[in-house]
Amino acid sequence: AWFRNQILRTLIESGNKESYIRLVVTRGIGEIDIDPSSCHSPSVLIFITPARIYPLELYESGIHLAVVNVKRNSKDALNPGIKTGNYLNNVLAKIEADRFGAHDALMLNAFGFLTESTTSNFFFVIDSRIMTPSLDCGILAGITRDIVIQIARENGLPLEEGMWPVDVLEKADEIFLTGTVKRILPVTRLNQKNIGDGKPGTIT
């Protein structure tokens with residue numbers, strides 16, 4: 001209830017109609033070292049910015065992804081189920097993707113299996129079967145990802161969660177990303193090669 005009231009108060013103060021809200025909880029005031037025991041009360045920050053609207057042309061023509069060398073954090077080192085501010089490897093992956101002229105990066109885990117994009121979950125389609133990396137690959141259990149899985153199953157669309165090497169994408173007919181802000185965003189090029197006919201696919 002306290003969080004809800006503070007978010008509502010901040011929204012009203014911001015004056016934004018469509019807003020992006022981010023809550024950040026830190027360990028609070030204390031010694032500047034890695035030992036949190038001197039911090040006795042957490043600090044809470046509420047950020048409100050206008051909602052980012054992705055250009056319509058990206059949904060009509062799709063985006064370009066690049067498979068990068070920067071690996072997704074190991075789930076044994078940093079639990080992907082915890083949404084932290086530790087985005088360093090995502091930042092490095094985005095920088096590498098920029099060098100390839102891509103909109104975003106596609107990251108693998110330490111075992112070479114597909115995981116996700118820098119801020120999005122990842123899906124691909126082969127022969128009308130929807131595939132997405134499982135949580136065991138070390139990905140964030142995204143809200144939109146869960147909704148897409150639910151919708152697919154409710155409508156009888158074959159969907160599989162699993163572990164796949166990047167080579168499987170050579171057979172992909174479609175690729176799309178999911179996220180709270182971007183929703184469902186088609187990918188039409190991977191590593192300078194068209195996916196399918198180079199246009200957003202019918203499943204997407």
Side-chain angles (χ1 to χ4, degrees), residues 3-26 43-68 70 72-73 78 80-108 114-125 130 132-133 135 138-152 174-192 195 198-201 203-204:
F3 274 110
R4 186 185 301 112
N5 291 336
Q6 295 305 313
I7 291 170
L8 180 59
R9 174 185 167 194
T10 313
L11 275 169
I12 292 170
E13 288 292 331
S14 75
N16 296 328
K17 293 182 179 179
E18 294 288 333
S19 300
Y20 175 81
I21 304 167
R22 172 168 287 191
L23 292 175
V24 177
V25 180
T26 77
S43 297
V44 177
L45 302 115
I46 302 174
F47 294 93
I48 306 286
T49 63
R52 179 182 179 186
I53 306 299
Y54 283 77
L56 181 61
E57 56 263 27
L58 294 184
Y59 294 91
E60 294 175 341
S61 61
I63 66 166
H64 173 195
L65 283 187
V67 178
V68 295
V70 177
R72 183 74 172 86
N73 282 332
L78 184 64
I82 302 172
K83 197 164 179 70
T84 74
N86 187 343
Y87 279 101
L88 180 58
N89 73 324
N90 305 65
V91 170
L92 295 174
K94 181 66 169 69
I95 291 171
E96 187 177 345
D98 288 343
R99 292 190 185 124
F100 290 120
H103 292 94
D104 205 348
L106 178 57
M107 303 172 74
L108 309 178
L114 297 166
T115 63
E116 55 193 353
S117 186
T118 57
T119 58
S120 313
N121 289 119
F122 176 78
F123 290 77
F124 60 101
V125 179
I130 305 169
T132 190
L135 299 183
I139 66 170
L140 180 70
I143 295 171
T144 309
R145 175 185 183 273
D146 288 345
I147 292 172
V148 167
I149 291 172
Q150 178 183 340
I151 290 173
E174 304 177 38
I175 294 176
F176 61 89
L177 302 180
T178 62
T180 303
V181 178
K182 61 177 59 70
R183 300 175 185 176
I184 297 176
L185 186 61
V187 176
T188 50
R189 286 177 68 77
L190 178 70
N191 293 345
Q192 306 293 338
I195 301 299
K199 299 178 181 178
I203 298 292
T204 305

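Note: hydrogens, waters and symmetry copies are ignored here, and every other heavy atom, side chains too, is used. Fair warning: this is a prediction, and the values are worked out from it, not measured in the lab.
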Can you check side-chain contact (heavy atoms from CB on, under 4.5 Å) on Ser120 and Leu185, steps first, answer last?
-> CA-CA 10 Å; Ser120 313; Leu185 186 61; over 6 Å; no
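- The closest donor-acceptor contact from the side chain of Thr115 to the backbone of Met107 lies under 3.5 Å.
- Counting all heavy atoms, side chain and backbone alike, Asn89 lies closest to Asn73 at ND2-N, 3.0 Å.
- A heavy-atom distance below 4.5 Å is not found between the side chains of Ile175 and Phe123.
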Worked check of side-chain contact (heavy atoms from CB on, under 4.5 Å) between Leu114 and Leu108 | CA-CA 5 Å; Leu114 297 166; Leu108 309 178; 3.7 Å; yes
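- The distance from atom CZ of Arg9 to atom CG of Leu11, rounded to the nearest 0.5 Å, is 12.5 Å.
- Glu18 CD: 12 or fewer foreign heavy atoms inside a 6.0 Å radius.
- With rounding to the nearest 0.5 angstrom, the CG atom of Leu140 is 5.0 Å from the NZ atom of Lys83.
- Put simply, CD1 on Ile149 and OG1 on Thr144 are 11.0 Å apart, with the number rounded to the nearest 0.5 Å.
- At least one donor-acceptor pair under 3.5 Å links the side chain of His103 to the backbone N or O of His64.
- The backbone N or O of Ala51 sits nowhere less than 3.5 Å from a side-chain atom of Ser19 that would complete a donor-acceptor pair.
- In terms of heavy-atom proximity, Ala105 sits nearest to Ala93 at CB-O, 3.5 Å.
- Other residues, nucleotides and ligands contribute only 12 or fewer heavy atoms inside 6.0 Å of the CD1 atom of Ile143.
- Smallest separation of non-hydrogen atoms from Ala152 and Ile130: CB-CD1, 4.1 Å.
- With a 4.5 Å cut-off on side-chain heavy atoms, Lys182 and Thr119 count as touching.
- In this structure, the side chains of Glu116 and Pro80 stay at 4.5 Å or more apart for every pair of heavy atoms.
- With hydrogens and angles disregarded, no donor-acceptor distance shorter than 3.5 Å links the side chain of Gln6 to the backbone of Ile46.
- Using a 4.5 Å heavy-atom threshold, the side chains of Thr132 and Phe122 count as separate.
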Step by step, would you call Leu106 with Val187 a side-chain contact (heavy atoms from CB on, under 4.5 Å)?
-> CA-CA 11 Å; Leu106 178 57; Val187 176; over 6 Å; no
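- Between Phe176 and Val148 there is a side-chain heavy-atom pair separated by less than 4.5 Å.
- Side chain of Thr178 to backbone of Ile184: no donor-acceptor contact under 3.5 angstrom is found.
- Two residues are said to be in side-chain contact when any heavy atoms from C-beta on lie closer than 4.5 Å; Val67 and Leu65 fail this criterion.
- Between the CG atom in Asn16 and the OG1 atom in Thr10 there is a gap of 11.5 Å [rounded to 0.5 Å].
- Nearest heavy atoms, Pro186 versus Leu58: CG-O, 3.9 Å.
- Within the model, atoms CG of Leu78 and OG1 of Thr84 stand 5.0 Å from one another, a figure rounded to the nearest 0.5 Å.
- Looking at Val68 and Arg99, their side chains never come closer than 4.5 Å, going by heavy atoms from C-beta outward.
- The backbone N or O of Phe100 lies less than 3.5 Å from a partner atom in the side chain of Gln192, making a donor-acceptor pair.
- A donor-acceptor pair under 3.5 Å is absent between the side-chain atoms of Ser43 and the main chain of Thr26, judged by distance alone.
- Put simply, CD on Glu57 and CD1 on Ile63 are 12.5 Å apart, with the number rounded to the nearest 0.5 Å.
- Residues Tyr54 and Val181 are in side-chain contact: their nearest non-hydrogen atoms beyond the backbone lie under 4.5 Å apart.
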